[in-house]
Every structure is written in structure tokens, then in C-alpha cells.
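Following: one structure in C-alpha cells, then a few remarks.
Excluded from the calculations below are hydrogen atoms, water molecules and symmetry mates; all remaining heavy atoms, backbone and side chain alike, are included. Throughout, residue positions are numbered sequentially from 1 according to the sequence presented. Note that this is a predicted model, so its numbers are computed, not measured.
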Amino acid sequence: MHADVGQGAAVFDQDPSAWLAGEFASLGRDFGYEHCLLARFPTGDGPEFAANLIATNWPEDLRSAYERAEVFAVSELVSTLRQTILPVSFVENPLLGSASIDVRQQLFSLFSAHGVVGHIGMLLRDRGQGQYLLLLSGRARAPGREDAAQLLLAAMELIQMHAQVLVPKVGPKERLSGREVECLRWSAAGKSSDEIAIILDISSHTVISYLKSAMRKLEAVNRMQAVARACRYNLL
């Protein structure tokens, strides 16, 4: 159904956004769509199109004009996909939102000139329950039920396949040693350095050294912050 994701791995390393756009555009073409847009689902404190955009093969002038319009978060696409987990086909452009008449006309002309018409949108989730909008455009007729189901499954597979890029890595940049974790665990239990030294049968100087190393790796300014971050990263 879809091209081998192993192709273009070097390009992926250099430009993840362009590579992802190629992957989702290729998926769209398998079902008759020429254009793709993958974005994070906008939130109240992050509604901007540019901040949520992950990948697209839209022409640059269209992407820039849409970004300036600032209507993404209030678009029909977003409001519709808040209410369903099924793919939705749109006859009219679902991206124009509440833009002024002049802006709507400008955007409508740009979308039409580039063939970004005939849309299907879907809500996707990654393994961490992050939410994404995928919009494929450029097909004259809406797909049938079977094609829509296959398209949704294929899109979900791509999200799963590229989770290492889409899902932010949670954890310290440098791995903590077993002893560092032990010292943090006992610190979380309220033990002093001297008490931890007795429990682990090492010197208190060594305990302090482990804790300082753990603080550096966790980018913490003190022991309490290091413990809090270790808990957040599920290290304790």
C-alpha cells in the first residue's frame, strides 16, 4: 500500500519535516490526494498554525498566507474533528475559519490555484495520546467507506512508525547510573547523605558525588528538584 519507510532515511535525518511531508503526501497519492497537512491539534495556549505545523507539501506562498491569516484554531476542520474520531470529507474548504471577507477571498483563490481542494480530515493519536490533524486535499470525489477506513489505518500506522520524531522524548539527556538512582530514591525517602552512606555502605562523600552527578544530568539546581524530575521521568 505505502512505500517502504526505510527509503530516504538519510533525508529524514537531515530534514524530518520535509521527509514526513513526503511520507504523508505519498500516502495521500495512494488514495488520489495530492496535498497533505499534518499538524498538532491546537490548544488554548498554542493556537497558532506555525507553532502546530509538523509537515506539509503546500506551496510556500499558500503556507505563508495561511499562517498570516491566524484562523487555524477556529477553522471548521478543528471544530469538526473535536467531535468525531472518524475521517470527515469536506466539500467546502474547512480551513478558512472566521477570516474577514478579503482574507477569505485571498485564501480561497490561493487554495484553488494550487489545487488544494476536495479534502478529507482525520484526528490521529500517538502512543502518548498526543493529538494530530491530518488533512489530505486534491481529490474530486469523497472516498467510499472502505477506502476511508484503509486511509485512516494507513495514517495511524505512519504516526506509530514515526513516533520517535512526533513524540517528544521524556527523560534526561544522559542516562543515570544505578547508584545515582539509588541515592535519589533514598533522598526522596527523606534520608540525609550520611544515612544514605550507611544504607549503601559507601562514604558520605561518595553519596554527595553521586547526587551531584545526578543533579547535573537532570539539569537540577538542588537535590529536591533532582528528585522531582527523576519522579517525573519515572526513574524512581
Measure the shortest side-chain to side-chain distance between V78 and L133 over non-hydrogen atoms and say whether it is less than 4.5 angstrom. yes
Look at the aromatic rings of F49 and W58 and report parallel, tilted or perpendicular, splitting at 30° and 60°. parallel
Residues passing the salt bridge (charged side-chain N to carboxylate O under 4.0 Å, His left out) test with E60, sequence neighbours excluded, are R63
Taking C-beta and beyond as the side chain, do L236 and V227 meet within less than 4.5 Å on heavy atoms? yes
Ignoring hydrogens and geometry, is there a side-chain-to-backbone donor-acceptor pair from H119 to L95 under 3.5 Å? no
Using residues 207-216 as the side-chain source, report each donor-acceptor pair under 3.5 Å to any protein atom, sequence neighbours left out, with the distance given to one decimal.
| residue | atom | partner | partner atom | Å |
| --- | --- | --- | --- | --- |
| S213 | OG | E180 | OE2 | 2.6 |
| R216 | NH1 | E174 | OE1 | 3.1 |

Honestly curious: do F24 and L123 fall in one hydrophobic cluster under the side-chain, below-4.5 Å linking rule? no
Taking the side chain from N57 and the backbone from A25, do they hold a donor-acceptor pair closer than 3.5 Å? no
Can any side-chain N or O of E195 pair as donor or acceptor with the backbone N or O of S192 at less than 3.5 Å? yes
Without swapping roles, check the side chain of D147 against the backbone of P143 for a donor-acceptor pair under 3.5 Å. no
State, with a plain yes or no, whether a side-chain heavy atom of Y33 is found less than 4.5 Å away from one of L151. yes
Are L200 and T206 close enough that some pair of their side-chain heavy atoms sits under 4.5 Å apart? no
Would you name the heavy atoms of R223 and S187 that are closest together and state the gap between them? CD-OG, 3.4 Å
Any non-hydrogen side-chain atom of P42 less than 4.5 Å from a side-chain atom of F72? yes
For the CZ atom on F41, are there more than 12 heavy atoms of other groups (residues, nucleotides or ligands in this structure) within a distance under 6.0 Å? yes
Looking at R40 and L53, would you say the former's side chain and the latter's main chain have a donor-acceptor pair under 3.5 Å? no
Are any of the side-chain nitrogens in R179 or E182 under 4.0 Å away from the carboxylate oxygens of its partner? yes
Could you check whether any side-chain heavy atom of M122 comes within less than 4.5 Å of a side-chain heavy atom of L81, counting everything from C-beta outward? no
Counting distance only, does the side-chain N/O of S204 pair as donor-acceptor with the main-chain N or O of S193 below 3.5 Å? no
Between the side chains of D126 and H162, is a donor N or O closer than 3.5 angstrom to an acceptor N or O? no
Should the heavy atoms of other residues, nucleotides or ligands under 6.0 Å from CZ of R141 be counted, would the total exceed 12? no
For L218, is there any backbone N or O sitting under 3.5 Å from a side-chain donor or acceptor partner on R229? yes
Can you get from I54 to L134 by hopping between Ile, Leu, Val, Met, Phe, Trp and Tyr side chains that sit under 4.5 Å apart? yes
Contacts of type salt bridge (charged side-chain N to carboxylate O under 4.0 Å, His left out), residue E34, not counting sequence neighbours: none
Under 6.0 Å from the CD atom of E70, do we count more than 12 heavy atoms belonging to anything else shown? no
Could you tell me whether a side-chain N or O of S109 sits under 3.5 Å from a main-chain N or O of Q105, the two making a donor and an acceptor? yes
Do side-chain atoms of K217 reach the backbone of P172 as a donor and acceptor pair under 3.5 angstrom? no
Do the non-hydrogen side-chain atoms of V116 and L62 ever get within less than 4.5 Å of each other? yes
